[in-house]
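Quick caveat: nothing in here was measured; it's all calculated off a predicted structure. Chain identifiers are assigned alphabetically (A, B, ...) following the order of the sequence lines, protein sequences preceding nucleic acid strands; residue numbering begins at 1 within each chain.
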Amino acid sequence: MKPRVRFAPSPTGYLHIGGARTALFNWLYARHTGGTFVLRIEDTDAARNTQEAVEAILGGLRWLGLNWDEGPLTSAATGPAKGARGPYFQSQRRAHYERRVEALLSRQLAYEKDGAVWFRMTREPIVIPDLVVGDVLRPLTDREALHPDWVLVRSDGQPVFHFVNVVDDLEMGITHVIRGEDHLSNTAKHIALFRAFGVPPPAYAHIPLILNPEGSKMSKRDRGASLGAYLEEGFLPEAVNNYLCLLGWSPKDNTEKLPLTEVVERFDLPQILRHNAKFDYEKLLWLQGEYCRELPDDRFYEMSVRALAKAGLDTNRFDVRYVKAALDTCRGKIKTFGELPDYGGFYFRPEVDYDPAAVEKCFVPENRPRLERLREAFARTDTFTAATLETTLKATAGNLGVKAGVLVHPVRLAATGRASGPSLYHLLEVLGREKTLERIERALAAFPATT
RNA sequence: GACCCUAUGGUCUAGCGGUUAGGACACCUCCCUUUCACGGAGGUAGCCCGGGUUCGAGUCCCGGUAGGGUCGCCA
């Protein structure tokens, strides 16, 4: 029998990075085994659930490329879905829950008290056979020893998570439950319920948690916790996927950078690690840089243009050759596209704003005449190419009796407003003679008034 | 507090009884480049502690300790 796995998020807020990782592992297992990946929305908490949150979940999964074989097609609870085991929103599955409660009630496995339905929980310790940690013996805790029974349906008629989760897994034919380790202790309840229904529980695989740099469970507030933020900041889904794979799973041969297609081939439950991992933004950024550098031209331009547009820089107003040439000088330099407006925005702004710290260093009185000389030299070159600009600048420096660096920094600041950026000569070539001279002119006016 | 899980450099990890404990990120130095990256060459830094078992333990067992998780009419 082919495995059937599911990702069953609660639509409260955005898609959490930990949730995305859980979805990824389920998806990988399904794809590796040729099984089925089900998406189920656990929207039983009407007060906290929002359709926007569902939107964020669907959008996030789509962005990562984690396509589901069964589940909703839109964020509407009553909207279209694919798959024969629906509905895939718990809010639409009341009839199933009611039927299952009745079944337990009629067999004395549950009882009513104070308007709620209680499950008659076993008093015996339960062994949780876990594919990642092995057999886990879960005895009752102090509190449970006092009151082992627990609520299946609240007095307001709402069934609780543990119950609906089990009912749905049962009815949707889920064979493997791959979820965060924070559910490990609760699994005893789930197993007891499956037994009450007279069916063997699915196989469990509890994956380690993603911790924040402080070492506790990653939560909202923590930097990098929202998957949507990566989309916003101009990350590539392949980089995020790759990094997420490495959190709780290891290919065991020191490979770090590997495409998802390869992970699909190599991924399996036994290689899932047992200990929690701290989220390392720097390492994700490194992977992002790697993938960004290898991007095909078209995609690089497309992502760049979009990032610039988002920052209010409309590249459509420029010649396409200028845009491409400009972006080419930024290639390999930036890691995320969110950096681009600041890094290469000067190409597309009518005027640059100067970095104050750099101004203090470069726009000093003695540099003013030097920059004037350079401007004159730049105005007279036959061609305006990186090569001639470099020769010209170096020759001018020689005539002035200074090192090239003395001119390099002020011109860069004049042209870009920044102390660092793309290769100077190439950037000037792209900018062109007119803009370059104009910007140097403006910079000369920005020098302190002293003599 | 009870119960459960975990434990290799700052971080992610390889290791599965005999290794000079390997790789990656980060950090530092140098080279390349008069920017910043990339790239190249080096470097600092690790088996939580204590008992066993064994000729031999990061590796197996037990106990501590530490970290994390769970104990709702939240999910």
Who pairs with [N] - Watson-Crick or G-U, where each distance is under 3.5 Å:
{"N": "B:A14", "answer": "none"}
{"N": "B:C48", "answer": "B:G64"}
{"N": "B:C71", "answer": "B:G1"}
{"N": "B:U29", "answer": "B:A41"}
{"N": "B:U19", "answer": "none"}
{"N": "B:G58", "answer": "none"}
{"N": "B:U35", "answer": "none"}
{"N": "B:U53", "answer": "none"}

Would you say the side-chain atoms of A:Tyr347 pair up with the backbone N or O of A:Ala325, donor to acceptor, closer than 3.5 Å?
->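 Here the side-chain-to-backbone pair does not exist.
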
Under 3.5 Å: donor-acceptor pair, side chain of A:Glu390, backbone of A:Ala387 = no

Whole angstrom value for the distance that separates [atom2] of [N] from [atom1] of [X]:
{"X": "A:Met218", "N": "B:G69", "atom1": "CE", "atom2": "P", "value": "13 Å"}
{"X": "A:His206", "N": "B:C4", "atom1": "NE2", "atom2": "P", "value": "16 Å"}
{"X": "A:Glu181", "N": "B:C71", "atom1": "CD", "atom2": "P", "value": "13 Å"}
{"X": "A:Ile128", "N": "B:U70", "atom1": "CD1", "atom2": "P", "value": "14 Å"}
{"X": "A:Leu184", "N": "B:C5", "atom1": "CG", "atom2": "P", "value": "7 Å"}
{"X": "A:Leu427", "N": "B:U34", "atom1": "CG", "atom2": "C1'", "value": "15 Å"}
{"X": "A:Asp149", "N": "B:C71", "atom1": "CG", "atom2": "C1'", "value": "15 Å"}
{"X": "A:Glu214", "N": "B:A66", "atom1": "CD", "atom2": "C1'", "value": "17 Å"}

Under 4.0 Å between a side-chain N or O of A:Lys189 and OP1 or OP2 of B:C71?
-> no

Tell me, with the steps shown, if A:Arg370 and A:Glu366 meet salt bridge (charged side-chain N to carboxylate O under 4.0 Å, His left out).
-> CA-CA 7 Å; A:Arg370 292 166 178 158; A:Glu366 58 266 39; 5.4 Å; no

Can you tell me how far [atom1] in [N] sits from the matching atom in [M], rounded to whole Å?
{"N": "B:A75", "M": "B:U59", "atom1": "P", "answer": "43 Å"}
{"N": "B:A24", "M": "B:U8", "atom1": "C1'", "answer": "15 Å"}
{"N": "B:G22", "M": "B:C55", "atom1": "C1'", "answer": "27 Å"}
{"N": "B:U19", "M": "B:A57", "atom1": "P", "answer": "11 Å"}
{"N": "B:C3", "M": "B:U11", "atom1": "C1'", "answer": "30 Å"}
{"N": "B:G63", "M": "B:U53", "atom1": "C1'", "answer": "15 Å"}
{"N": "B:G23", "M": "B:G46", "atom1": "P", "answer": "15 Å"}
{"N": "B:G43", "M": "B:G9", "atom1": "C1'", "answer": "14 Å"}

Using a cut-off of 4.0 Å on non-hydrogen atoms, how would the nucleic acid contact of [X] be classed: base, sugar-phosphate, or nothing?
{"X": "A:Gln288", "answer": "nothing"}
{"X": "A:Leu287", "answer": "nothing"}
{"X": "A:Lys361", "answer": "nothing"}

Reading nucleotides 38-49 of chain B from 5' to 3' and marking B where a protein heavy atom lies under 4.0 Å of the base, S where only the sugar-phosphate is that close, and - otherwise, the string is S-----------

A correct 5'-to-3' footprint of nucleotides 10-15 of chain B, with B, S and - meaning base, sugar-phosphate only and no protein heavy atom under 4.0 Å, is -BBSSS

Evaluation steps, salt bridge (charged side-chain N to carboxylate O under 4.0 Å, His left out), between A:Arg48 and A:Asp43 | CA-CA 9 Å; A:Arg48 290 201 296 161; A:Asp43 60 340; over 6 Å; no

Classify the ring geometry between [X] and [Y] as parallel (under 30°), tilted (30 to 60°) or perpendicular (over 60°).
{"X": "A:His176", "Y": "A:Tyr29", "answer": "tilted"}
{"X": "A:Tyr230", "Y": "A:Phe279", "answer": "tilted"}
{"X": "A:His190", "Y": "A:Phe161", "answer": "perpendicular"}

Please list, pair by pair, any protein nitrogen or oxygen found under 3.5 Å from a nitrogen or oxygen in nucleotides 73-75 of chain B.
from  : atom 1 : to       : atom 2 : distance (Å)
B:C73 : O2     : A:Ser155 : N      : 2.8
B:C73 : O2     : A:Ser155 : OG     : 2.9
B:C73 : N3     : A:Ser155 : OG     : 3.3
B:C74 : OP2    : A:Arg154 : NE     : 2.9
B:C74 : OP2    : A:Arg154 : NH1    : 2.1
B:C74 : O2'    : A:Asp45  : OD2    : 3.2
B:C74 : O2'    : A:Arg48  : NH2    : 3.2
B:A75 : OP1    : A:Arg154 : NH2    : 2.6
B:A75 : OP2    : A:Arg154 : NH1    : 3.4
B:A75 : OP2    : A:Phe161 : N      : 3.2
B:A75 : O3'    : A:Ser10  : OG     : 2.7
B:A75 : O2'    : A:Ser10  : OG     : 2.5
B:A75 : N6     : A:His162 : NE2    : 3.3
B:A75 : N6     : A:Asn186 : OD1    : 3.4

With A:Arg21, which residues qualify under salt bridge (Lys or Arg N to Asp or Glu O under 4.0 Å), at least two apart?
->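 Scan of A:Arg21 (salt bridge (Lys or Arg N to Asp or Glu O under 4.0 Å), adjacent residues dropped) gives none.
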
Sidechain N-carboxylate O distance under 4.0 Å for [X], [Y]:
{"X": "A:Arg299", "Y": "A:Glu238", "value": "yes"}
{"X": "A:Asp297", "Y": "A:Lys324", "value": "no"}
{"X": "A:Arg442", "Y": "A:Glu438", "value": "no"}
{"X": "A:Glu70", "Y": "A:Arg85", "value": "no"}

Which one of A:Asp168, A:Val167, A:Ile41 satisfies the side-chain contact (heavy atoms from CB on, under 4.5 Å) criterion with A:Gln90?
-> A:Asp168

Please list, chain by chain and in numerical order, all residues satisfying side-chain contact (heavy atoms from CB on, under 4.5 Å) with A:Arg266, sequence neighbours excluded.
-> A:Trp249, A:Pro251, A:Asp253, A:Thr255, A:Leu258, A:Glu262

Nearest 0.5 Å, what's the CG-CG distance between A:Leu244 and A:Leu227?
->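 The CG atom of A:Leu244 sits 7.5 Å away from the CG atom of A:Leu227.
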
What is the distance from atom CD1 of A:Ile272 to atom CD1 of A:Ile207, rounded to the nearest 0.5 Å?
->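 These two atoms lie 6.0 Å from each other.
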
Find which nucleotide of RNA chain B each of A:Pro422 and A:Lys217 is nearest to by heavy atoms, and output the residue with the more 5' nucleotide.
-> A:Pro422

Close residues, residues 400-421 of chain A, relative to RNA chain B [heavy-atom separation under 4.0 Å] = A:Lys403, A:Ala404, A:Gly405, A:His409, A:Arg412, A:Ala419, A:Ser420, A:Gly421

Locate the shortest heavy-atom distance separating A:Pro129 from A:Asp135; write the atom from each residue and the value.
-> CA-OD1, 3.4 Å

